[in-house]
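Because only heavy atoms are used, hydrogens play no part in the values below, and waters and symmetry mates are left out as well, while side chains stay in.
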Amino acid sequence: MSGRGRRAFLPPASHSRPEPLIGDGLVVRHVNRDGRSVDYDFATLPAAEPMQRSLAKLFAAQCVPHRWGAHATSQHHWEKLLRFTEFLSRQDRPPRDLDELTGAMVKRWRTSQPNNVTGYSNICPRTTSSP
């Protein structure tokens, strides 16, 4: 319904939401609730290409309005991914893809974070309450 109580017009039957993975699969386009878009280039992450592609697919799956309706949300998660891949790139043997990520690496990541709100924010989802 519109604000005046009239039935809203439906989009044409051929309408579909744009796919978030664009180009060669390393760029994710997040279209927010207002229809504006921002692109995230996973080729810029300090990780092997297979890892970049896997992370792009996972990120793209979240770039839908009922999950991430605002660009601030996708930007927040992008910054977490950047910090995490920077950490992984400094390992003696950085994982080439997600299947090479070990529990020990994740534990090192967690313990490398400061023991404060910033460190908590780096490893935990954004919540409305404090940790």
Rounded to the nearest 0.5 angstrom, the NZ-CD distance for K80 and Q75 is 12.5 Å
Residues at least two apart in sequence or cross-chain that pass side-chain contact (heavy atoms from CB on, under 4.5 Å) with P95, listed by chain then number, are M51, L88, E100, L101, M105
- State whether the number of non-hydrogen atoms from other residues, nucleotides or ligands found under 6.0 Å of R108 atom CZ is greater than 12. yes
- Message: Taking the side chain as everything from C-beta on, heavy atoms only, tell me whether L26 gets closer than 4.5 Å to L21.
- Response: no
The reported gap from CZ in F84 to CG in L55 (rounded to nearest 0.5 angstrom) is 8.0 Å
So V31 and C63, do their side chains get closer than 4.5 Å, heavy atoms only? no
Taken to the nearest 0.5 Å, the spacing of F59 CZ from S54 OG works out to 14.5 Å
Rounding to 0.5 Å, atoms NZ (K57) and CD (Q62) come to a distance of 15.5 Å
When rounded to the nearest 0.5 Å, the distance separating CG of L82 from CZ of F87 is 14.0 Å
Applying side chain to side chain donor-acceptor pair (under 3.5 Å) to S74 and not counting sequence neighbours gives H30, Y40
Sequence neighbours excluded, the answer for side-chain contact (heavy atoms from CB on, under 4.5 Å) partners of I22 is V27, R29, D39
Those residues at least two apart in sequence (or on a different chain) that pass salt bridge (Lys or Arg N to Asp or Glu O under 4.0 Å) with D99 are none
For residues 43-50, run the donor-acceptor check on the side chains, cut-off 3.5 Å, and write out each pair with its distance to 0.1 Å, sequence neighbours left out.
{"residue": "T44", "atom": "OG1", "partner": "D41", "partner atom": "O", "Å": "2.6"}
{"residue": "E49", "atom": "OE2", "partner": "R53", "partner atom": "NE", "Å": "3.0"}
{"residue": "E49", "atom": "OE2", "partner": "R53", "partner atom": "NH2", "Å": "2.8"}

Closest non-hydrogen contact found for A56 with G25 is CB-O, 3.6 Å
Distance col, row H76:NE2 vs E79:CD, nearest 0.5 angstrom, shows 8.0 Å
Residues at least two apart in sequence or cross-chain that pass side-chain contact (heavy atoms from CB on, under 4.5 Å) with R93, listed by chain then number, are none
